[in-house]
Enquirer: 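Shown below is the structure under consideration.
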Amino acid sequence: MEKTYNPEQIEAKYRALWEDKNLFSSNLNASSSEAYSIMLPPPNVTGSLHMGHAFQHTIMDVLTRYHRSQGKQTLWQPGTDHAGIATQMVVESQLLANNITRHTLGREKFVQKIWDWKSKSGGTITQQMRRLGASVDWEKERFTMDKGLSDAVRRVFIQLYNEGLIYRGKRLVNWDPVLRTAVSDLEVVSTEEQGSLWHMRYPITDSNEVMVVATTRPETMLGDSAVAVHSKDARYTHLIGKTVDLPLTDRKIPIIADDYVDMEFGTGCVKITPAHDFNDYEMGKRHNLAIINILTDDAKINDSVKSRYINMDRFVARKHIIKDLDAQGLLEKIEPHKLMVPRGDRTHAVIEPYLTDQWFVKIAPLAKPAVDAVKNGDIRFIPNNWSKTYYNWMDNIEDWCISRQIWWGHRIPAWYDANGKIYVADSQAQAQAQAGEGVALTQDEDVLDTWFSSALWPFSTLGWPAKTPELSRFYPTNVLVTGFDIIFFWVARMIMFGLKFTGDVPFKDIYITGLIRDGQGQKMSKSKGNVLDPIDLIDGISFKNLLKKRTQGMMQPKMAEKIKQQTQKEFSQGIPAFGTDALRFTFVALSSFGRDIKFDLKRVAGYRNFCNKLWNASRFVIMHLDGETIDTNATLSTPDKWILSRLQEVKTKVKKHLSDYRLDLMSQVLYEFVWHDYCDWYLELSKPLLADDNNKLGTQATLIKVLNEIVTLLHPIIPFITEEIFEQCNATLGKNSRSLMCEPYPTPESQLVLPDTTAEIKWLQTFILGVRQIRSQMNISPSKMLNCFVQDFNTSDECYLDNNAGLIKFLLKVQNLNKLAPEIDAPESATALVGDMKVLIPLAGLIDKEQEIGRLHKKLQKLNQQKTQFEAKLNNQKFISNAPQAIVEAERTRLTSTQNAIVDLSAQLEKMNRL
RNA sequence: GGGCGCUUAGCUCAGUUGGUAGAGCAUCGCCCUUACAAGGCGAGGGUCACAAGUUCAAGUCUUGUAGCGCCCA
């Protein structure tokens with residue numbers, strides 16, 4: 001084996017090997033009685049792998065590899081999402097660079113361009129997933145616009161339409177004027193921005209009075225159809241029923257009373273614009289007001305109202321309108337005002353409420369069973385508190401606007417005849433059959449919201465509506481691993497559609513992960529320039545290239561400078577290559593519940609070191625195998641039995657943590673076992689054992705047995721290095737092994753749990769630690785050979801001592817280890833305690849007397865402190881009578897042993913003082 | 001305004017039926033001891049945000065306060 005662990009080579013080797021041997025295939029273990037399946041949340045086909053993906057994919061891969069190695073038939077279903085708006089925008093902006101718009105190209109050619117783009121550039125993320133070692137079944141890879149999936153989409157649409165759960169209607173929707181399409185509530189992000197409150201005077205018809213209305217959107221006045229006041233507002237009751245002359249137009253609009261008006265806000269008068277505000281729309285319906293749409297689909301003033309503002313953008317028109325009102329003395333005042341501004345999550349454009357014909361899913365009848373499924377435990381949120389968020393949203397859910405006025409996506413399977421009659425069908429031919437021969441039909445221009453097809457993902461990928469073997473085998477899936485940010489977009493909709501169309505939940509568990517943030521706890525984003533690319537953590541990147549990546553395409557030079565400073569501060573040396581396994585281990589170790597993750601590079605370095613440690617431990621083991629066969633029946637020494645016993649505990653814990661989705665705890669248990677038990681203790685103990693012919697065979701057998709189980713246990717987390725170690729071990733033993741991936745996951749063997757050996761090794765460790773402490777605190781060189789006496793030992797001490805004298809001598813560099821009878825006066829020594837037994841290291845020129853006195857003082861101080869605590873507890877009658885017997889007993893034992901230690905050390909101290 | 005979470009060692013975080021506070025990194029000693037200096041051995045460091053309550057016993061349960069964060073309106 002190479003002296004240093006080299007992740008790059010190993011990873012390349014097994015990436016190729018696993019795929020060549022088809023080991024990710026869901027056809028493996030086909031005869032197993034159990035199946036396990038996970039649906040990969042399909043990333044956008046335009047996307048590249050970010051830290052969030054890498055994190056979630058690691059978790060899914062750990063679960064998949066674990067269950068696969070338990071012999072289950074396992075499917076991790078990969079694929080990508082066509083991401084309607086996002087993808088269309090990418091290709092549009094590419095075309096725009098050549099001065100081509102999608103409209104000059106036409107629908108058909110434009111869509112073809114997107115398909116071309118997809119086949120050329122759409123595979124980025126799936127290639128990156130391979131770097132991570134994600135064991136998805138690549139043969140089953142799907143795309144949301146594949147034929148089968150598109151068939152499923154139409155099938156669902158038609159059925160919902162026929163059941164009255166999909167309808168078309170003219171409604172006020174969120175309109176993105178840049179994309180010129182409707183978007184759903186979820187795609188609108190409202191943020192507080194600084195604006196103004198304009199107070200405008202509306203003259204009362206045939207009167208000298210004016211009403212002052214306050215608004216944040218003055219330009220919408222062109223579309224006002226009323227002014228509303230509260231019915232109990234004494235200031236205005238005399239005006240209700242009259243009209244005002246709407247300025248800048250020749251219209252008169254009524255003054256109405258509605259209790260929705262907040263008397264305290266502004267002047268207590270509100271202008272009502274039903275076509276351009278959601279609240280006003282509702283009020284307009286109550287009062288039968290005219291709905292006057294004053295905007296074009298790109299948010300310019302249209303010609304529905306005669307004015308000089310036609311064709312101006314709404315914000316340009318605003319300026320003119322304010323100016324003109326002011327000139328006419330109709331502007332009362334302008335106040336600064338903070339308001340919530342809705343913006344499109346893709347374009348960042350101000351979203352307009354806009355009245356158009358759209359398709360909707362009637363959600364209430366679908367939501368009810370979806371809520372019940374979580375309430376009755378068919379679906380579990382992990383951690384559970386997310387179910388509250390889910391209920392909260394589901395209880396307030398509104399109908400879902402599913403039509404989008406873009407070209408990339410599933411076209412709505414609806415056709416219209418000349419009279420606007422709707423025919424919903426699977427194809428034009430079937431629509432024609434419905435309409436009758438000779439009726440001219442045109443298909444709806446719109447496509448479906450991308451999330452419509454995503455909602456079908458758990459069953460459409462398995463071949464639904466056909467009753468395929470995959471569907472019955474793998475549906476419902478076992479767990480969905482995803483972020484909280486798409487609970488509403490996606491998770492809830494999968495549950496609704498899954499229940500509706502398969503009659504079963506799409507997954508049993510929903511594991512909601514935290515968000516990966518940067519080292520400062522900031523959300524990673526391109527605009528902030530704090531993004532880490534998982535691939536850069538694997539391969540490493542220079543400071544220069546990292547900075548280039550982060551500032552590429554920066555609009556503001558100021559921002560670029562800030563990013564430079566930030567990057568310099570954190571990554572002045574760039575990022576070293578940590579390898580995939582170290583990155584994966586980090587994600588797993590950080591995956592605790594209910595908390596976002598501040599990503600700390602030092603943790604990655606730590607786990608890279610762990611991989612290196614494991615690597616070197618393996619080198620040690622292989623080095624001592626002599627390339628011979630292993631005698632699995634050899635007699636085992638106490639340390640051999642001990643490490644095997646510890647291993648059983650570890651396996652039990654790992655199993656539990658995995659079933660609780662506590663991968664962080666799983667990794668912690670394994671980390672500690674490998675480093676601190678196996679390497680720090682067992683490997684050190686094995687050195688003298690290997691040198692002794694009586695123990696050699698047993699120790700060899702144990703070294704390799706434990707190592708083999710270690711790599712198998714760790715394989716789901718760090719698959720590459722463990723495969724390599726496994727192979728090297730087998731090669732050394734001349735065994736022809738299968739891939740480690742196919743090895744069964746180790747299970748606890750209760751007959752190997754031996755409390756007695758654990759107690760003996762605990763004794764040995766206390767002994768060794770005590771002497772090491774003396775050596776270190778007395779500044780005795782590690783290479784200096786020592787003499788050692790023991791005194792005041794009981795029979796069990798004596799037995800342990802005889803058993804382990806060789807190990808003690810070897811590990812502590814002790815040349816003479818002698819028992820002293822209690823009555824014998826020991827030479828001046830530094831003392832350590834193992835239970836009641838004294839371990840004495842004679843001073844004999846090695847040790848400074850004063851130093852030892854100081855050391856003993858400090859120890860006694862600590863012990864006395866503890867003693868006081870224990871005594872206080874035990875003197876408390878209530879504690880004695882109320883606490884469980886076992887707890888009281890444990891406390892008594894502690895007090896006794898502390899007291900004994902104090903007596904022993906005090907005597908020792910006194911003796912030193914006397915000298 | 002409603003909901004959810006977080007606050008534990010200098011930093012990043014564990015701590016699941018309440019029972020003597022843990023890890024990694026960082027710090028300070030000593031060591032290139034043939035698996036590993038990406039390492040070994042040893043050491044220091046915490047009134048578990050604050051306050052009250054329940055309890056024999058609270059980091060852990062209850063209530064309140066403060067600070068931070070997220071979601072919804």
Side-chain angles (χ1 to χ4, degrees), chain A residues 1 3-5 185-186 190 340 383-393 395-396 484-485 487-488 514-515 517 519 521-523 576 578-579 582 586 589-624 656-657 660 662 664-665 667-669 671-672 675-676 679-680 683-684 686-687 703 768-769 771-784 810-813 858 865-867 869-870 872-884 886-888 890-891 894-895 898:
Chain A
M1 265 174 106
K3 186 165 176 184
T4 338
Y5 157 59
D185 296 345
L186 290 172
S190 288
M340 297 301 279
N384 184 255
N385 47 297
W386 287 107
S387 53
K388 281 192 186 160
T389 310
Y390 173 78
Y391 296 141
N392 198 4
W393 188 68
D395 290 344
N396 298 303
F484 66 90
D485 49 334
I487 290 180
F488 307 142
L515 205 69
R517 298 169 176 278
Q522 298 283 319
K523 217 166 160 172
F578 292 118
T586 310
L590 293 176
S591 69
S592 50
F593 284 174
R595 191 195 260 277
D596 286 350
I597 292 158
K598 271 192 227 178
F599 197 82
D600 183 2
L601 268 197
K602 289 181 185 140
R603 293 290 289 262
V604 194
Y607 295 122
R608 187 263 327 262
N609 295 355
F610 175 77
C611 290
N612 189 240
K613 186 79 179 174
L614 180 62
W615 182 261
N616 280 299
S618 310
R619 281 180 58 221
F620 174 85
V621 173
I622 287 170
M623 215 174 275
H624 289 91
K656 173 169 191 329
H657 293 322
D660 293 341
R662 289 303 302 265
D664 56 330
L665 298 180
S667 70
Q668 197 181 319
V669 164
Y671 181 100
E672 276 167 17
W675 201 308
H676 300 303
C679 292
D680 286 350
L683 253 47
E684 293 308 319
S686 76
K687 287 171 185 173
L703 279 169
I768 289 172
L769 289 172
V771 176
R772 273 184 191 163
Q773 207 172 32
I774 290 171
R775 203 191 264 276
S776 176
Q777 289 175 358
M778 298 290 120
N779 287 322
I780 303 168
S781 147
S783 52
K784 174 88 187 165
F810 184 93
L811 289 174
L812 289 173
K813 289 207 161 66
K858 238 170 111 184
Q865 231 174 26
Q866 286 177 4
K867 192 183 107 180
Q869 275 177 20
F870 297 142
K873 236 181 188 179
L874 287 163
N875 287 336
N876 184 345
Q877 269 315 310
K878 285 182 178 171
F879 172 68
I880 305 288
S881 49
N882 290 334
I887 299 289
V888 177
E891 211 67 15
R894 280 183 198 131
L895 178 61
T898 310

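Below, chain A is the first sequence line, B the second, and so on; all start at residue 1. Owing to the predicted nature of the structure, the values given are computational and were not obtained by experimental measurement.
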Enquirer: I want to confirm an ordering. Mapping A:Ser618 and A:Lys656 to their closest nucleotides on RNA chain B, which one lands closer to the 5' end?
Expert: A:Lys656

Enquirer: For a quick check of understanding: with a heavy-atom distance under 4.0 Å over all strands, which category does A:Ser592 fall into, base, sugar-phosphate or nothing?
Expert: sugar-phosphate

Enquirer: Quick one: is B:rG39 close enough that its OP1 or OP2 comes under 4.0 Å of any side-chain N or O from A:Asn609?
Expert: yes

Enquirer: Where the side chain of A:Phe620 is concerned, which of B:rC71, B:rA35, B:rG69 is the nearest nucleotide?
Expert: B:rA35

Enquirer: With a 4.5 Å limit on heavy-atom distance, are the side chains of A:Tyr5 and A:Leu614 in contact?
Expert: no

Enquirer: It should be established whether A:Arg595 places a side-chain nitrogen or oxygen under 4.0 Å from OP1 or OP2 of nucleotide B:rA14.
Expert: yes

Enquirer: Considering only side-chain heavy atoms of A:His676, which listed nucleotide, B:rA38, B:rG24, B:rC71, is closest?
Expert: B:rG24

Enquirer: Hey, is the side chain of A:Lys388 poking within less than 4.0 Å of OP1 or OP2 on B:rC4, counting only N and O atoms?
Expert: yes

Enquirer: Output the distance between atom NZ (A:Lys873) and atom NZ (A:Lys878), rounded to the nearest 0.5 Å.
Expert: 15.5 Å

Enquirer: Let me spell it out: for each of A:Asn392 and A:Arg894, pick the nucleotide of RNA chain B with the closest heavy atom. Which residue's pick is nearer the 5' end?
Expert: A:Asn392

Enquirer: Are A:Asp600 and A:Leu590 close enough that some pair of their side-chain heavy atoms sits under 4.5 Å apart?
Expert: no

Enquirer: May I ask you to evaluate whether A:Lys687 reaches the phosphate of B:rA35, defined as a side-chain N or O under 4.0 Å from OP1 or OP2?
Expert: yes

Enquirer: Name all residues meeting the side-chain contact (heavy atoms from CB on, under 4.5 Å) criterion together with A:Thr898; count only those two or more places apart in sequence or in a different chain, and write none if there are none.
Expert: A:Leu863, A:Gln866, A:Lys867, A:Phe870, A:Ile902

Enquirer: In terms of side-chain geometry, is the basic nitrogen of A:Arg662 or A:Asp664 positioned less than 4.0 Å from the acidic oxygen of its partner?
Expert: yes

Enquirer: In the strands shown, is B:rG59 matched to any nucleotide by a Watson-Crick or G-U wobble pair with both distances under 3.5 Å, and which?
Expert: none

Enquirer: Tabulate protein N/O versus nucleotide N/O from nucleotides 40-47 of chain B, keeping only pairs under 3.5 Å, one per line.
Expert:
unit_1	atom_1	unit_2	atom_2	d
B:rG40	OP1	A:Lys613	NZ	3.1
B:rG40	OP1	A:Trp675	NE1	2.6
B:rC41	O3'	A:Arg772	NH1	3.3
B:rG42	OP1	A:Arg772	NH1	3.4
B:rG42	O2'	A:Ser776	OG	3.1
B:rA43	OP1	A:Gln773	NE2	2.6

Enquirer: Please state whether the phosphate of B:rA14, meaning OP1 or OP2, lies under 4.0 angstrom from any side-chain nitrogen or oxygen of A:Arg662.
Expert: no

Enquirer: Could you give me the CA-CA distance, side-chain angles and deciding distance for A:Trp386 and A:Tyr390, then say whether ring-ring contact (aromatic ring centres under 6.0 Å, His included) is met?
Expert: CA-CA 6 Å; A:Trp386 287 107; A:Tyr390 173 78; over 10 Å; no

Enquirer: With no angle test and no hydrogens, is the base of B:rA57 tied to the side chain of A:Glu891 by a donor-acceptor pair under 3.5 Å?
Expert: no

Enquirer: For the residue pair A:Ile768 and A:Leu812, establish whether any side-chain heavy-atom pair is separated by less than 4.5 Å.
Expert: yes

